[in-house]
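These notes are about the structure you will find just below.
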Number of protein chains: 2
Amino acid sequence: MQMTAPAEAVTGPRVPLTRQRVLQAAVRIADKTGIESLTMRRLGEEVGAEAMSLYYHVAKKDDVLDGIADVVAEEINEAAERVESTGDWKTVTRGRILAARAVMLRHPWAPAVFETRTTTSPAVLRYYDRLVGLLREGGFSNDLIHRALHALGSRALGFTQELFDPEAGAGEDSDAAALVENLPSLASMMAEIAHDDPTSTLGWCDAQAEFEFALDLLLDGLDRVRTSN
Amino acid sequence: MQMTAPAEAVTGPRVPLTRQRVLQAAVRIADKTGIESLTMRRLGEEVGAEAMSLYYHVAKKDDVLDGIADVVAEEINEAAERVESTGDWKTVTRGRILAARAVMLRHPWAPAVFETRTTTSPAVLRYYDRLVGLLREGGFSNDLIHRALHALGSRALGFTQELFDPEAGAGEDSDAAALVENLPSLASMMAEIAHDDPTSTLGWCDAQAEFEFALDLLLDGLDRVRTSN
DNA sequence: ACCTGAACACCGTTCAAGT
DNA sequence: ACCTGAACACCGTTCAAGT
């Protein structure tokens with residue numbers, strides 16, 4: 001029932017599968033059609049093999065998910081190493097985090113996968129190790145570094161969980177009158193914000209600007225605590 | 001194959017199912033045995049009916065998940081309404097967020113469910129509406145409120161995504177020597193932190209203290225921006 | 001050493017049929 | 001109006017068997 005040739009068949013004669021090739025194929029699938037479309041059968045198809053063959057190279061599906069999280073984290077480390085590392089801790093840290101965010105934006109499924117991992121990927125550990133080193137050089141105590149890691153949380157890796165999409169509350173299906181009545185504060189806030197910033201590319205709020213605002217709030221706050229001790 | 005009587009059978013003769021009772025049963029299962037054990041068949045068992053009967057009261061499993069997210073959000077709203085509402089915006093907001101966190105700690109599966117919802121629960125919208133109102137009364141511009149919501153993110157509802165559990169990197173399986181070599185900064189930070197705070201109930205870091213530290217960092221930062229405009 | 005076919009247990013979900 | 005039995009499509013995973 002394979003309608004199209006497997007994505008790798010064109011590259012030549014059958015080359016044996018490896019864990020790396022399986023993981024790269026998994027990333028390709030998640031990028032193209034979303035993480036929910038990543039099944040072992042679909043993955044087998046992508047590499048031109050039966051699903052059962054995958055178990056020779058990975059332990060189980062969770063192993064695939066651990067693997068693609070690590071692949072993304074590696075990509076983040078590479079991007080972070082490319083940012084200018086001279087300057088004060090805040091500039092460098094800020095640059096590295098925004099580089100991480102750029103990678104995350106290319107893999108929108110990655111946050112969800114990171115969140116479900118029970119063990120931390122080695123590449124993520126290396127990313128945090130470097131972050132700790134930067135803060136240390138910047139004059140942070142180990143205690144404050146520890147608090148900083150918690151305060152930044154996933155933001156250190158370039159993403160945040162948006163629990164609440166204001167637009168969802170104001171969808172076309174919910175009439176404006178009911179909104180004003182049930183959620184008056186939200187309604188008045190949105191009424192004022194909605195028409196601001198026509199240059200925003202992301203609808204009524206510019207996620208990039210919001211991310212940077214929150215990041216600076218935290219970095220400035222940490223700097224203040226650092227110098228006050 | 002039902003080994004034990006359904007949890008509700010003891011309460012008397014068969015009472016017709018309702019959406020509310022289904023959702024409460026689902027919360028009970030998630031609390032007791034984890035969200036991954038919540039299947040439609042298991043849920044049917046819990047309410048003393050066949051899995052197929054559930055579809056008369058809920059549209060599909062996603063509807064159940066939407067529903068239990070809303071149940072938890074209602075619980076948060078009730079807890080938040082119980083906190084003292086007199087005082088400056090920061091005190092009240094802080095109190096409400098910590099009340100939300102207390103609810104979340106009773107439902108450890110809730111963050112994961114919130115994160116996978118595509119539409120925002122009505123109760124969550126009401127929670128945020130109240131938060132917006134508090135900030136407005138506290139003298140925030142709508143623009144700054146909007147930024148504050150993004151900056152707080154899920155923290156406004158009492159939880160944060162911990163991507164990185166430092167203990168995971170120092171598990172018993174990884175020997176200390178390798179850790180020091182591969183992750184030197186992390187290793188030295190942990191060496192110093194690990195012996196601090198013997199009163200901490202949560203292992204080597206006290207999640208509650210870290211949560212409050214980060215929360216105050218944000219609230220103080222927002223207050224500073226508010227007054228500087 | 002690497003891959004596959006057949007099979008199993010377990011999902012969510014549909015639908016005609018029961019009371 | 002409410003519930004159920006049988007069935008379907010689709011998972012992850014195992015394992016004996018192929019080359």
Q: May I ask you to evaluate whether B:Ser53 reaches the phosphate of D:dC2, defined as a side-chain N or O under 4.0 Å from OP1 or OP2?
A: no
Q: Send over the distance from B:Lys60 NZ to C:dC11 P, rounded to a whole Å.
A: 19 Å
Q: May I have the distance from A:Lys61 (atom NZ) to D:dT14 (atom P), rounded to whole angstrom?
A: 15 Å
Q. Quick one: B:Tyr56 OH to C:dA17 P, roughly how many Å, whole number?
A. 18 Å
Q: Have a look at A:Thr39 and say if it touches a base, only the backbone sugar-phosphate, or nothing, with a 4.0 Å heavy-atom cut-off.
A: sugar-phosphate
Q: Determine, stepwise, if the pair A:Asp31 / A:Arg106 fulfils salt bridge (Lys or Arg N to Asp or Glu O under 4.0 Å).
A: CA-CA 8 Å; A:Asp31 285 346; A:Arg106 292 203 296 270; over 6 Å; no
Q: State which of C:dC3, C:dT13, C:dA6 makes the closest approach to the side chain of A:Met52.
A: C:dA6
Q: Give none if C:dC15 has no partner; otherwise give the nucleotide forming a Watson-Crick or G-U wobble pair with it, both distances under 3.5 Å.
A: D:dG5
Q. Does the pair B:Arg41 and B:Glu45 meet the rule for a salt bridge (Lys or Arg N to Asp or Glu O under 4.0 Å), with working shown?
A. CA-CA 6 Å; B:Arg41 284 166 173 86; B:Glu45 205 180 294; over 6 Å; no
Q: Go through the side-chain N and O atoms of A:His150 and B:Glu162 and say whether any donor and acceptor fall under 3.5 Å apart.
A: yes
Q. Whole-Å distance between C:dG5 C1' and A:Tyr55 OH?
A. 15 Å
Q.
Heavy atoms from C-beta onward define the side chain here; which of D:dC3, D:dT4, C:dT13 lies closest to that of B:Leu17?
A. D:dC3
Q) Which nucleotide in the list C:dG5, D:dC3, D:dA7 gets nearest to the side chain of A:Glu50? A) C:dG5
Q. At under 4.0 Å between heavy atoms, what does A:Met40 touch on the DNA or RNA strands: base, sugar-phosphate, or nothing?
A. sugar-phosphate
Q) Of the nucleotides C:dA7, D:dC3, C:dT14, which one has an atom closest to the side chain of A:Arg41? A) C:dA7
Q: With rounding to the nearest 0.5 Å, note down the distance linking CZ in A:Phe114 to CE in A:Met104.
A: 4.0 Å
Q. For A:Asp62 and D:dC11, what is the distance between atoms CG and C1' respectively, to the nearest whole Å?
A. 14 Å
**Q.** Interatomic distance, A:Leu43 CG vs D:dC11 P [rounded to whole Å]
**A.** 12 Å
Q) Rounding to a whole Å, what distance do you find between A:Glu45:CD and D:dC11:C1'? A) 15 Å
Q | Polar side-chain atom of B:Ser53 near backbone of B:Ala49 as donor-acceptor pair, under 3.5 Å | A | no
Q. To the nearest angstrom, how far is B:Leu38 atom CG from C:dC11 atom P?
A. 11 Å
